[in-house]
**Q** 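Before I ask anything, here is the structure I am working with.
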Amino acid sequence: MKRVSRTLVHMPEVATHCPYCALQCGMTLRETDGKVEVGARDFPTNRGGLCQKGWTSAELLDHPDRLTSPLIDGRAASWDEAYSLIIEKIVDIQRTHGKDAVAVFGGGGLTNEKAYALGKFARVALGTKHIDYNGRFCMSSAAAAGIRSFGLDRGLPFPMADLAEADTLLLVGGNVAETMPPFARYLTEQRERGGTQIVIDPRATLTARAATLHLQPTPGTDLALALGLLHIVIAEGLVDQSYVDDRTTGWESVRASVAAYWPARVERITGVSSADLELTARALARGKSIILTARGAEQHSKGVDTVTAFINLALALGLPGRRGSGYGCLTGQGNGQGGREHGQKADQLPGYRSIEDPAARAHVAKVWGVEPETLPGKGISAYELLDSLGDTVKALLVFGSNPVISAPNAVHIEKKLKELELLVVCDFVPSETASLAHVVLPVAQWAEEDGTMTNLEGRILRRRALREPPPGIGTDLAVMAELGARLSQGKSGVRFDSAPHAVFEELRRATAGGVADYAGVTWERVDAEDGVFWPCPAADRAGTPRLFESSFATPDGRARMIAVEHRPVAEEVDAEFPLYLTTGRVLSQYQSGAQTRRILNGSIFVEMHPDLGFDDGTLVRVISRRGSMEAPVRLSEHIRRDTVFAPFHFPGMGRANSLTGDALDPISRMPEFKVCAVRVEPA
Ligand code: SF4
């Protein structure tokens, strides 16, 4: 077995970060008598707080479900046997069907080093264009909108501390009180300073109930709502015209495009009253304001245009680039930010470079020791890739993802996974996807290997190992290095490292000169400075906590305002399917739940309004055109009468993604997770 090439020093205590969400709360890990204890650590994102997921994260290290040896068709096998089988199958499939018949699927929880190594492994060792990752299901709409308007995508282009300085905070489609509770400390501070908070959400979530004003639109109408807010800003003379003139392009077409979104019309589309729309527009125009979008606004077939409309609103008010003001999006997955910067996305090379840019290809190819023309071109997006399994794609290697639970239209995707000639899954627990795999490779957990993560602020952090992985367990990097070496035999100059620090040093060279430039970031600096914000092009230069202060990352330095139009959801309700389903997360669970379901109590439910006529606790079947799920009813006055909500963390008959559809945003290819048409029956 290939193990990490650097022997870890066994540390009695380390300062590290939570393995879960993008807040990357600071924590300490201490091992006493073989038991690992978690402590909260003061760090800028969590200020000494952790949520229940963080407090209990170490319980998975010695969990009885932990995978301890490679599995071939469910039986224990040696590493060499597993590697040999994988190589034999890949070579055979590629000889018969071509290089692109083998694909790679990554994850937004992988460290920067792993995300980088995975992109290199796919393009150099496998020579395939088919690589994408579950971050496509998370951040892709906000990322695409940010690049389109600002020329750059960094979730928060300012440090979190700025949030508390805002006079008004508008949060669109996010429930931080449940998904990342320590974040709420900033919201509390902002309120205590006299700030106004406005939340847009079809549910009166914990976050919405704590806000000054809650707007509760019909699912799928956030875009019209944003256009209506800009209409009011213009009508009431609240535009920051000198900012618009000096720092943006496209204003005239945007101004003309919102003329048709007068308040009464937007009220009819969204269900939000004209009075509340006017209150919101006026609050945003008063003093410093920050607009934040999250998955509720973004996971739609018009997610990019929705985010663009909120960016237009922020630009019209002159917010981006001013301290305590701006637009940002809230990243969800632990390394959702870094994971989309280093090349595991179908169209990207490290440093947030485009794989279609000849200069970018030449730069990265040189670092990788190959000729630029040998690099494959752009692949297809996550859902399209999963949908092609068994057809054009015959083999799939999965790292850090569980698409059986997290992909939309999951009944169909599970069927496609079963059509593969080879499915390889690297994981540390038997996830629902691993249980379908021909080969499962057991890998280390976060406390057993070093690396870096980039949090929701664009701050690069150190993840530190407390101890070695248990005997018989490898690492994701070691798997890529071993498979890469075996597949690349005969390619001189090509090297796949398994040591995280060596991979990071190569990543620095590969990102140099790119948008997400890590060239000046060293592990030592990250340790000394509580993280370093990218871009950081040189070791003697500071990182960049605040972006856009004097110019945007576009060729002319101006933000682009882009006219967009509201359009209906992909699947409207009708007589047969009369309710909207929206999905999301709950406090105790993280993403597909493969980790947190093993530690924390949490059970499936369907939240609905009492007026729908079901009793609390009744088992119901929720049915869409694609599948069904069963769950007990949880009655709530906090949800619209036309909408039901289900968390997406659960498997089997509790799988909410059995219901969701495959409509994709035309630009980001984000699936429409947040709304589809369903009916509810007694089960
Ligand atoms: Fe912090 Fe997120 Fe971990 Fe909770 S899950 S402790 S909010 S990083």
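Ligands are counted one by one from 1 in listed order, and the atoms in each one are counted from 1 as well.
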**Q** Just one of H501, R464, E505 clears the side-chain contact (heavy atoms from CB on, under 4.5 Å) bar with W523, so which one?
**A**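 Output: one option passes, namely H501.
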**Q** Ignoring hydrogens and geometry, is there a side-chain-to-backbone donor-acceptor pair from S658 to R655 under 3.5 Å?
**A**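 Yes.
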**Q** Going by chain and residue number, what protein N/O/S atoms come nearer than 2.8 Å to atom 4 (Fe) of ligand 1?
**A** C51 SG
**Q** Using a 4.0 Å heavy-atom cut-off, which part of Q24 comes near ligand 1: side chain, backbone, both, or neither?
**A**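 It is the backbone that gets close, since no side chain atom is under 4.0 Å.
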**Q** Under 3.5 Å, is there a donor on one side chain and an acceptor on the other for N657 and T583?
**A**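 Looking only at side-chain atoms, T583 and N657 do not form any donor-acceptor pair under 3.5 Å.
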**Q** Ignoring hydrogens and geometry, is there a side-chain-to-backbone donor-acceptor pair from E457 to M160 under 3.5 Å?
**A** yes
**Q** When you check the side-chain N and O atoms of T522 and R525, is any donor under 3.5 Å from an acceptor?
**A** no
**Q** Would a distance-only check, ignoring hydrogens and angles, find a side-chain to backbone donor-acceptor pair under 3.5 Å from D201 to R203?
**A**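 Pair found, side chain donor or acceptor close to backbone of R203.
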